Amino acid sequence: MKIQEIKKLSKDELLKNIDKLKKDLFNFRFQRINSEIKDPSKIGQTKKTIARLKTILKGKLNA
């Protein structure tokens, strides 16, 4: 997700996306343990996206 796309989302949409990505990250970790993950870089990308969403959400809550 790009920053411009994230900024357009509402608070509820941000929270839903964060929850979805956390579930994905949980599943990626299990896939890594079982050596089933095809692209290990998705773990890092997901973590960064969660951080971006949380940063934008924090800004919207303070505004």
Side-chain angles (χ1 to χ4, degrees):
M1 254 184 173
K2 294 187 177 183
I3 295 293
Q4 293 92 4
E5 296 171 2
I6 294 172
K7 287 183 179 179
K8 292 179 184 176
L9 298 175
S10 69
K11 293 176 189 175
D12 292 333
E13 290 172 329
L14 288 171
L15 290 171
K16 287 179 186 177
N17 282 336
I18 290 170
D19 286 339
K20 180 189 169 294
L21 288 171
K22 283 186 177 182
K23 289 177 185 175
D24 290 344
L25 186 60
F26 182 78
N27 289 330
F28 288 149
R29 287 182 180 143
F30 271 107
Q31 288 176 2
R32 182 175 60 185
I33 291 170
N34 295 329
S35 300
E36 295 175 1
I37 193 163
K38 296 190 174 35
D39 189 10
S41 66
K42 288 204 180 265
I43 295 171
Q45 291 172 354
T46 304
K47 287 181 180 181
K48 288 178 184 178
T49 304
I50 290 171
R52 285 186 190 113
L53 289 169
K54 284 184 174 182
T55 302
I56 299 297
L57 180 63
K58 186 176 179 182
K60 287 190 178 197
L61 292 176
N62 291 334

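Computed from heavy atoms alone, side chains included, the values below leave out hydrogens, waters and symmetry copies. This structure is a prediction, so every number in the text was calculated from the model and none was measured.
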Item to complete: Can you establish whether the number of heavy atoms outside Lys60 located under 6.0 Å from its atom NZ is more than 12?
Response: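 More than 12 within 6.0 Å, yes.
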Once rounded to the nearest 0.5 Å, what's the spacing between atom [atom1] of [X] and atom [atom2] of [Y]?
{"X": "Ile6", "Y": "Leu14", "atom1": "CD1", "atom2": "CG", "result": "8.0 Å"}
{"X": "Ile3", "Y": "Leu53", "atom1": "CD1", "atom2": "CG", "result": "8.5 Å"}
{"X": "Leu15", "Y": "Lys54", "atom1": "CG", "atom2": "NZ", "result": "10.5 Å"}
{"X": "Ile50", "Y": "Thr55", "atom1": "CD1", "atom2": "OG1", "result": "11.5 Å"}

Considering residues at least two apart in sequence or located in another chain, which fulfil the side-chain contact (heavy atoms from CB on, under 4.5 Å) criterion with [X]?
{"X": "Lys48", "answer": "Arg52"}
{"X": "Ser35", "answer": "none"}
{"X": "Leu61", "answer": "Lys11, Leu57"}

Item to complete: Output every pair passing ring-ring contact (aromatic ring centres under 6.0 Å, His included) with a member in residues 29-63, not counting sequence neighbours, ordered by first then second residue.
Response: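 The answer is Phe26-Phe30.
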Worksheet item: Asn62: what forms a side-chain hydrogen bond (donor to acceptor under 3.5 Å, both in side chains) with it, not counting sequence neighbours?
Response: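 Testing Asn62 for side-chain hydrogen bond (donor to acceptor under 3.5 Å, both in side chains), a comparison that skips the adjacent residues, returns none.
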Worksheet item: What residue pairs, at least two apart or across chains, pass salt bridge (charged side-chain N to carboxylate O under 4.0 Å, His left out) with a residue in residues 23-47?
Response: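 Passing the test, one end in residues 23-47: Lys20-Asp24.
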Discussion item. Does any part of the side chain of Ile43, heavy atoms only, come nearer than 4.5 Å to the side chain of Ile37, both counted from C-beta?
Written reply: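 Side chain of Ile37 against side chain of Ile43, heavy atoms only: contact under 4.5 Å found.
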